[in-house]
Number of protein chains: 4
Amino acid sequence: MPRKVREQQIIDVAVGIFAKRGYHAASVDEIAELAGISKPMVYLYLDSKEGLFLACLRREAERLVAAFQEAARGAGAAPELRLYAGLSAFFAFVTAHRDSWVVLHRQASELSEAIAAAVAEARRAVMAEVAGLIRDGITESGRGARLGGQDADFVAHALVGAADSLTDWMEHHPGQSPEAVTLRLMNMVWVGMRDVLDGEAWLPEG
Amino acid sequence: MPRKVREQQIIDVAVGIFAKRGYHAASVDEIAELAGISKPMVYLYLDSKEGLFLACLRREAERLVAAFQEAARGAGAAPELRLYAGLSAFFAFVTAHRDSWVVLHRQASELSEAIAAAVAEARRAVMAEVAGLIRDGITESGRGARLGGQDADFVAHALVGAADSLTDWMEHHPGQSPEAVTLRLMNMVWVGMRDVLDGEAWLPEG
Amino acid sequence: MPRKVREQQIIDVAVGIFAKRGYHAASVDEIAELAGISKPMVYLYLDSKEGLFLACLRREAERLVAAFQEAARGAGAAPELRLYAGLSAFFAFVTAHRDSWVVLHRQASELSEAIAAAVAEARRAVMAEVAGLIRDGITESGRGARLGGQDADFVAHALVGAADSLTDWMEHHPGQSPEAVTLRLMNMVWVGMRDVLDGEAWLPEG
Amino acid sequence: MPRKVREQQIIDVAVGIFAKRGYHAASVDEIAELAGISKPMVYLYLDSKEGLFLACLRREAERLVAAFQEAARGAGAAPELRLYAGLSAFFAFVTAHRDSWVVLHRQASELSEAIAAAVAEARRAVMAEVAGLIRDGITESGRGARLGGQDADFVAHALVGAADSLTDWMEHHPGQSPEAVTLRLMNMVWVGMRDVLDGEAWLPEG
DNA sequence: TATGAATGAGTATTCATTCAT
DNA sequence: GATGAATGAATACTCATTCAT
C-alpha cells in the first residue's frame, strides 16, 4: 500500500479520535489500532503524536478554507455574493464534517507552540479571506472613504466569531438549514455595516 | 489560616496555571507549590483535579456574568443602553482578566461530562442575559411583530460569538480601548438588526 | 469523659471497621469520625494505627479465651465435658461476635512483626487451653502410656483448625445451632482419639 | 522473550512477594524490579495489581488442587486410600511451596470482591474433592443409611480446617514428615468417623 | 516494510502522622 | 483535654516513544 494512502487513512482515523476524545485523552495506541496498523508505523509516517495532530489540523483547515474559497470564487464578481457563497459553504462544511470542525475549533489551547501556531495560521487564513471580501465590498460601494484597513478586519473578526458561535446554535436547532442561517447572518451584518457606513450611527445617548 | 481564604488562594493560582498550560498539562503539583501549600491540602479542599478546575470555572463564570449584569442593570431602562453597558463590561473584564477568559473559553473540550456541563451552563447564562436584552429591545421598538423567540437567540449567539472573537482581535490591536470596540460592535449589530426589522432585507440577488 | 471509657469506645468502633475493611483499607480518619472524636485523640490514646489494631486484637482475644475458659471451668471435673463446654462457648462466641472473629482470624498476614506476634500469642493461648484439656482427658482415661506431650498438641491443632473451618461452614448453614456443631465435632474427634488410643489403628493398607 | 514465559516469571516473583509482604504492602514496583522487567510490562500482561494477584491465586490454587487430585486418582479404588494419598500430597505440597500456601491461605480478607471470590472458589474446589471422597467412603462402607449429604460436607470442613491448622503445626515441628502427619490425621478423623457411623456416640453426659 | 516487546518519565491520589492553638 | 490545619512519603497506573527482529 503506497505511503500517501496509508498516511491519509491514519489521518482519517485520527481526526475522528481527536474529535471524540480531545488531544490529550486520545491515545496513539487507539489510533493505530483503529487504523489497522502498528504503532511504530504511525511514528514512521507522522513522526510523533504532535506531528499526527498537526497533519490532521492542516488537512482539515485546508479543506475548510478551500471550500470557502471555491464557493466564493464561483459566485461571480459582487463581493457580497462571494461572501454569501463563502459563508454558505462554511456552514455546509461544518454541518457535514463535525469532526473536522471540532478538531479545528476546540483544541486550540493547552497545546504546544507548534500546534497553537498552526491553529492561529488557519484562523488567520480564514480571516484574511473574509476581510478581503469585506474590504472589496466597502471599496466597491464607494463608502470606503472614512475607513482604514482595520475596519474590515474588525468586521471580519466579528463575522467569523458570529459564524463559529452560530455553528453551536445550529446544533441545537436542527430544523435550520445552513442556507437559512447564512442568509440571516448576512442580513444582520451586511445591512448593519452598510448603514453604518452610510452614517447611520448608534450612540449610547440613543 | 482559615479554610475559605486558603481555598480562594488556591483557586487564584489554579486559574493562572490552567490558563497558561491547559487542563491536562497543568499539574496539581505545580499548583500546590505555587500556592505555597502541600498537595494533600488541595485535595482536602477541592477534592480532585476536576473539582479544582470546576471551582475555577464556576468562580470565573460567576464573576464575568456578574460584571455583565451589574453594568446592564445600572444602565437605566433602555434595553439598547443596557446591552451596550453589558458588552462594555464584558470587554473590560476580559481585558483585565485574560486568565479567567482563557479558562472559560478555551477548555471546553476533551474534559469530563461535569466540566463540559459547567462550561455549557456558563455560556447559557450569558446567552440568556443577552438574548433577554435583545428581546426587550425588539419588543420596545415595536418591531417585534414578525419575530419569534428564536430570533433573539440567533442574534444573541451571533453577538456573543462576535464578542468572543473580538476579544482575540483586541489582543492584536492594543491601541483599541474596550469602549471603542463595544461601540463599534453595537453599531454593527444593533443598526443591522434594527434595519432588518424595518424590512430592509438583503437577498442573494442583491 | 474518663480516658478508659473513651479508649473502649474507640476500640469498639475500630473492631467494626477493621472487620469490615481489613487492616490496610481501614482508615484512621473513618474510625475517628465514627467514634465521634478527633484524630489526634486517637493517636494520644492508642499511639498509632498499629497500636490501635493491637488493642483490638488483644481485647477480642482475651474475650474469646475468657469465654472458653469460663465455660470449661464451670463444667465440672471431667476433661471431656470441659472441652465440650469450651468448644460450645467458642462457637457461641464467634456466632455472636462475628467482627471479633474476623479481626482475630483473618488479619494475621501482611502485618507487622508486633501484630503477627499478638495473633500468634492469641492462638497459642487457645491451643494451650485446648491441649491441656486433651492431655487431662488422655491421662485420666489411663490411655496415656503410649503418648508424649506432642500428641495432645497435635490433636489440639487439628481440633482448633477444624473449629475455625466449621465457623465458616456454620455461616452457610444457618439452621445449625452452635450446640449441634459442637456435639458433632466432639463426636468425631473424641471418639476417634479414644479409639486410636485404644489401639484401633488405621493404616494405608486398610 | 515470548509473552507466556514472561508472564510466568512475573507470577513466580509475585507469589514470593505477596507471600512475604501481603497484598497491600507488596508494591508492583518491587515485583517488577525483582522480575527484571519494567512496570508497564506487568500492567500490559496482568492488567492491574489485582489482576496480578488473581493470576497468582489461580495458578497456585490450580497446582494445589491438581496435586491433590493426581495423588488421589493414582491411589486405586478405595476411597480411604485416595483420601490418604490426597492429604499426603497436600502436606507435601504446602511443605514444598510455603509461598503458594501463604498466598492461598492468608490473603482472603480485606481484598476486593473478585479476589475474595477466587479464594472462595479455590477452597470450594478443595472441599468438594474431599467431601466426595468422604461420601464415597461412607457409601462404600455401607454405613451411609443414617447420613444426609450435609454430613460429608461437615466432615470435609473439619478435615480441611484441621489440615490447614496442622500446616502451621508442622512449621514448628520440623522433625515431623508430611507422611507422618497425614497418617495421624487420617487415624483421628477416619477412625472417629467410622466409629460414629457405627453408633458409638459421645454425649455430654458421658 | 512491519511489529511484538519493552521502558522512562510522569501524574493523580491517599494516608498515617504531627503541629499550633 | 481537644482540634483544625497541615504534610512527607508512597503507590497504582498511563503513555509517548523506541529497539530488536
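Per chain, numbering begins at 1; letters A, B, ... match sequence-line order.
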Visitor: Atom CD of D:Glu33 and atom P of F:dA12: how far apart are they, to the nearest Å?
Guide: 14 Å
Visitor: Contact class for D:Leu44 (heavy atom, under 4.0 Å): base, sugar-phosphate, or nothing?
Guide: nothing
Visitor: For D:Asp99, which residues count as a salt bridge (charged side-chain N to carboxylate O under 4.0 Å, His left out) partner, sequence neighbours excluded?
Guide: none
Visitor: Any heavy-atom pair between the side chains of C:Asp164 and C:Trp101 that's under 4.5 Å?
Guide: yes
Visitor: Is any side-chain N or O of D:Tyr45 closer than 4.0 Å to OP1 or OP2 of E:dG4?
Guide: no
Visitor: For DNA chain F, what are the stems built from at least three Watson-Crick or G-U pairs in a row, each pair having both distances below 3.5 Å?
Guide: E:2-21 with F:2-21
Visitor: Tell me the interatomic distance from D:Met41, atom CE, to E:dG8, atom C1', rounded to whole angstroms.
Guide: 13 Å
Visitor: Starting at SG of B:Cys56, measure out to CD1 of B:Ile31 and round the result to the nearest 0.5 Å.
Guide: 7.0 Å
Visitor: Sequence neighbours left out, what passes side chain to side chain donor-acceptor pair (under 3.5 Å) with D:Arg63? Give chain and number order.
Guide: none
Visitor: What integer distance in Å separates D:Phe18:CZ from F:dT11:C1'?
Guide: 13 Å
Visitor: List the residues meeting side chain to side chain donor-acceptor pair (under 3.5 Å) with D:Glu62, not counting sequence neighbours, and say none if there are none.
Guide: none
Visitor: Which residues, if any, of residues 4-11 of chain A bring a heavy atom under 4.0 Å of DNA chain F?
Guide: none
Visitor: Would you give a per-nucleotide map of nucleotides 12-19 of chain E, 5' to 3', where B means the base has a protein non-hydrogen atom under 4.0 Å away, S means only the sugar-phosphate does, and - means neither?
Guide: SBBBSBBB
Visitor: Taking side chain to side chain contact (heavy atoms under 4.5 Å, CB included) as the definition, give me every residue that meets it alongside B:Ala122, ordered by chain and number, with sequence neighbours left out.
Guide: B:Ala61
Visitor: For residues 37-49 of chain A, tabulate all N or O donor-acceptor pairs below 3.5 Å that involve a side-chain atom, not counting sequence neighbours.
Guide:
{"residue": "A:Lys39", "atom": "NZ", "partner": "A:Asp29", "partner atom": "OD1", "Å": "3.4"}
{"residue": "A:Lys39", "atom": "NZ", "partner": "A:Asp29", "partner atom": "OD2", "Å": "3.3"}
{"residue": "A:Ser48", "atom": "OG", "partner": "A:Glu50", "partner atom": "N", "Å": "3.4"}
{"residue": "A:Ser48", "atom": "OG", "partner": "A:Gly51", "partner atom": "N", "Å": "2.9"}
{"residue": "A:Lys49", "atom": "NZ", "partner": "A:Tyr23", "partner atom": "O", "Å": "2.9"}
{"residue": "A:Lys49", "atom": "NZ", "partner": "A:His24", "partner atom": "O", "Å": "3.4"}
{"residue": "A:Lys49", "atom": "NZ", "partner": "A:Ala26", "partner atom": "O", "Å": "2.9"}

Visitor: Measure the distance from CG on B:Leu52 to P on E:dT11 and round it to the nearest whole Å.
Guide: 15 Å
Visitor: Output all residues satisfying side chain to side chain contact (heavy atoms under 4.5 Å, CB included) with C:Arg124, sequence neighbours left out; order by chain, then residue number.
Guide: C:Glu121, C:Ala128
Visitor: For A:Glu30, what residues pass the side chain to side chain contact (heavy atoms under 4.5 Å, CB included) criterion, not counting sequence neighbours?
Guide: A:Ile17, A:Arg21, A:Ser27, A:Leu34
Visitor: Please name all residues satisfying salt bridge (charged side-chain N to carboxylate O under 4.0 Å, His left out) with B:Glu33, sequence neighbours left out, ordered by chain then number.
Guide: none
Visitor: Return the set of residues passing side chain to side chain contact (heavy atoms under 4.5 Å, CB included) with B:Gln9 (not counting sequence neighbours), or none when no residue passes.
Guide: B:Met1, B:Val5, B:Arg6
